[in-house]
Amino acid sequence: MKPDVSVYFGELVRSLREDLAPKLPTAFEQGAALRLAMLSQAASEEFDRAAARRFEENEAMRRLFESASSFVKSPDLLIRLQNVGSVREESIHVSELERVNQMMRVLLIELHAHVELLVGDDARDLEREIWSELSASTERRAVSIGRF
Amino acid sequence: MGGLDERLANYLTRHMGRPVRVDSLDRIPVGASRETYRFVMRTVGETGPTSRRMILRLDPPASLIETDRRTEYAAIRAFHGSDVPVPELLMVEENPDALGASFIVMQEIEGGEAAPYKLMEPPYEANLAATGRRKWSILGSIAKTDPAACGLDRILPPVAADDCWREELQRWETVLDADELEPQPIQRAAIRWMKRNPPPPAQRISVVHGDYRTGNLLVNDRGAIIGVLDWEMAHLGDPLEDLAWSINRVWCFRKDERRGGMLPKDEAIAIWEEASGLTVDADALRWWELLACLKGQAIWISATKEYQTGATRDPLMALTGWMQVNSQDRATLELMGHLSHGVSK
């Protein structure tokens with residue numbers, strides 16, 4: 001689809017900042033226009049990576065669930081790790097990737113809490129891997145408009 | 001039913017017992033919890049016609065945080081005349097009949113700027129370090145203020161020194177539980193850590209402003225802080241709560257180490273210590289910094305929910321979801337020693 005979505009968003013951001021905002025009569029309206037420009041900038045960044053970051057994250061969580069299966073003590077949690085870990089996305093639409101992502105992140109929270117209470121090197125290794133993935137997922141979601 | 005200016009004029013006329021005219025009513029882009037308007041109040045007093053620039057703070061249909069206008073009114077009144085600069089209050093009205101929502105009317109402090117992105121630019125930029133020193137000195141003064149001496153102990157709910165952390169943690173975890181639209185594994189891990197590693201009891205029960213950050217300070221073009229605004233989240237608690245919130249990473253407006261866009265963290269803490277008379281325990285402050293991350297995230301996801309569900313279409317609410325949520329998670333990771341700096345934005 002041409003022009004590229006990034007080209008359209010780039011022009012939208014420029015237009016909101018340079019053409020529209022300065023002409024609005026009040027500081028409140030100008031501020032709202034600038035916020036819409038920032039949102040459009042973030043939307044442009046998310047458009048390009050939306051499927052990729054969810055795909056990467058879902059694969060990473062599947063690997064964590066698999067690693068955990070050898071030493072998780074709770075039978076109930078173990079079954080759910082296997083069940084949720086085996087769920088495959090029915091398409092690569094963002095909404096489908098997101099559906100599976102949310103299901104897996106709920107289970108990741110439970111796994112993280114469980115592993116924190118286990119003793120042994122395996123548990124510590126997995127805990128480090130979970131934190132590493134949480135850090136990586138935060139970086140995948142970062143937007144240039146963020147202050148930190 | 002007339003416009004907001006007409007309804008406000010009618011209310012003020014009834015309230016003040018003489019004709020009041022409201023001119024130049026204009027919404028201004030400050031405060032995330034209330035709709036804030038500037039206006040000129042014209043009336044005839046005993047000495048003839050008077051004209052005063054005023055501020056109307058109106059509860060909106062949706063906001064970042066659920067707040068209490070009576071708390072704000074009491075806190076501002078308590079600090080009026082102290083070395084903590086606050087506006088002069090005219091009235092608080094909790095009955096929504098007049099304007100459709102509760103509101104506060106106060107004097108406008110003229111010549112001040114609160115928008116952080118403007119404060120990072122000329123003419124304010126040159127004075128940011130001095131403004132920062134004053135910022136944390138004022139916060140130290142708030143921490144030093146005896147709640148009983150200023151009367152706030154009779155208005156704000158009491159809290160025991162060893163319960164401050166528990167009450168705040170429970171408060172913001174409850175908001176997260178109620179409002180999250182997607183799982184929050186980083187905040188959930190932080191909550192578990194905070195519960196396992198509680199801080200020591202508060203050194204002192206202080207008035208906690210609750211939202212002390214650059215965007216709630218009015219600064220003039222010489223760098224002086226001429227107003228501390230937005231007291232609606234004020235409560236009694238551990239003064240480290242305010243200090244931690246003020247140095248939260250999400251307020252690093254210049255994308256560097258200067259907290260609030262003004263001072264390095266260590267310098268801000270040293271100034272606060274001197275002004276408050278308290279010594280900061282590094283581990284305790286770290287706990288409260290994590291609490292500040294949870295509090296921030298709870299506020300941001302609540303705003304996100306308001307936008308997602310259509311309760312508001314204010315772009316600020318959407319912006320918090322896309323910008324602040326990620327920054328707040330990064331801040332949490334940094335405090336917990338798990339932030340990867342290998343990937344650039």
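Every chain is numbered from 1 and lettered A, B, ... according to where its sequence line falls, protein lines coming before strand lines. The basis for the numbers below is simple: all heavy atoms, side chains too, and nothing from hydrogens, waters or symmetry mates. On a predicted model such as this, the values are computed, not experimentally measured, just so you know.
Counting heavy atoms of neighbouring residues, nucleotides and ligands inside a 6.0 Å radius, atom CG of A:D121 does not exceed 12 of them. Heavy-atom contacts from other residues, nucleotides or ligands closer than 6.0 Å to CD of B:Q308 number 12 or fewer. Within 6.0 Å of atom OH in A:Y8, 12 or fewer heavy atoms from other residues, nucleotides or ligands are found, so the atom counts as exposed in its surroundings. By the 6.0 Å contact criterion, CD on A:E66 is open, its count of non-hydrogen atoms from other residues, nucleotides or ligands being 12 or less. No more than 12 heavy atoms of other residues, nucleotides or ligands lie within 6.0 Å of CG in A:D48, so this atom counts as exposed by the packing criterion. In this structure, B:Q170 places its CD atom where only 12 or fewer heavy-atom neighbours from other residues, nucleotides or ligands lie under 6.0 Å away. Within a 6.0 Å sphere centred on CZ of A:F9, other residues, nucleotides and ligands contribute more than 12 heavy atoms. The number of heavy atoms from other shown groups lying within 6.0 Å of CG (A:L24) is above 12.
Between B:H338 and A:L134 there is no side-chain heavy-atom pair separated by less than 4.5 Å. B:R27 has its side chain out of reach of A:E29: every pair of non-hydrogen atoms, C-beta onward, lies at least 4.5 Å apart. Residues A:E139 and B:R330 are in side-chain contact: their nearest non-hydrogen atoms beyond the backbone lie under 4.5 Å apart. Side-chain contact between B:R188 and A:H112 is absent, with no heavy-atom pair separated by less than 4.5 Å.
In this structure, the portion of B:L333 lying under 4.5 Å from any heavy atom of chain A is its side chain and not its backbone. In this structure, no portion of A:Q30 lies under 4.5 Å from any heavy atom of chain B. Within the 4.5 angstrom heavy-atom criterion, only side-chain atoms of B:Q324, from C-beta onward, approach chain A. For a residue to count as touching a neighbouring chain, one of its non-hydrogen atoms must lie under 4.5 Å from one of that chain's; by this rule B:R249 touches chain A with backbone and side chain alike. Within the 4.5 angstrom heavy-atom criterion, no atom of A:E110 approaches chain B. Of the two parts of A:A136, neither the backbone nor the side chain holds a non-hydrogen atom closer than 4.5 Å to a non-hydrogen atom of chain B. Within the 4.5 angstrom heavy-atom criterion, no atom of B:R254 approaches chain A. Of the atoms belonging to B:L181, it is backbone heavy atoms, and not side-chain ones, that fall under 4.5 Å from chain A.
The backbone N or O of B:L316 lies less than 3.5 Å from no partner atom in the side chain of A:R35, so there is not a single donor-acceptor pair. Of the possible polar contacts, one joining the B:S327 side chain to the A:F148 backbone as a donor-acceptor pair under 3.5 Å is found. Distance alone, capped at 3.5 Å, is enough to place a donor-acceptor pair between the A:R147 side chain and the B:V250 backbone. With hydrogens and angles disregarded, a donor-acceptor distance shorter than 3.5 Å links the side chain of A:S135 to the backbone of B:S340.
The heavy-atom pair separating B:K255 from A:S144 by the smallest distance is NZ-O, 2.8 Å. Nearest heavy atoms, B:D329 versus A:T138: CB-CG2, 4.0 Å. B:P315 and A:L39 make their closest contact through O-CD1, 3.7 Å (heavy atoms, listed as atom of the first residue, atom of the second, distance). Heavy-atom minimum distance, A:V106 versus B:P183: CG2-CG, 3.5 Å. Heavy atoms only, all atoms of each residue included: A:I145 and B:M323 are closest at O-SD, 3.1 Å.
When each of A:M38, A:R141, A:R128, A:E46 is scored by its heavy-atom pairs under 4.5 Å with chain B, the top score falls to A:R141. Between chain B and the options A:P25, A:A27, A:A113, A:A42, heavy-atom pairs under 4.5 Å are most frequent for A:A113.
The line from CH2 of B:W322 to CD of A:E45 is 10.5 Å long, rounded to the nearest 0.5 Å. Atom CZ in B:R38 sits 13.0 Å away from atom CZ in A:F28 (nearest 0.5 Å).
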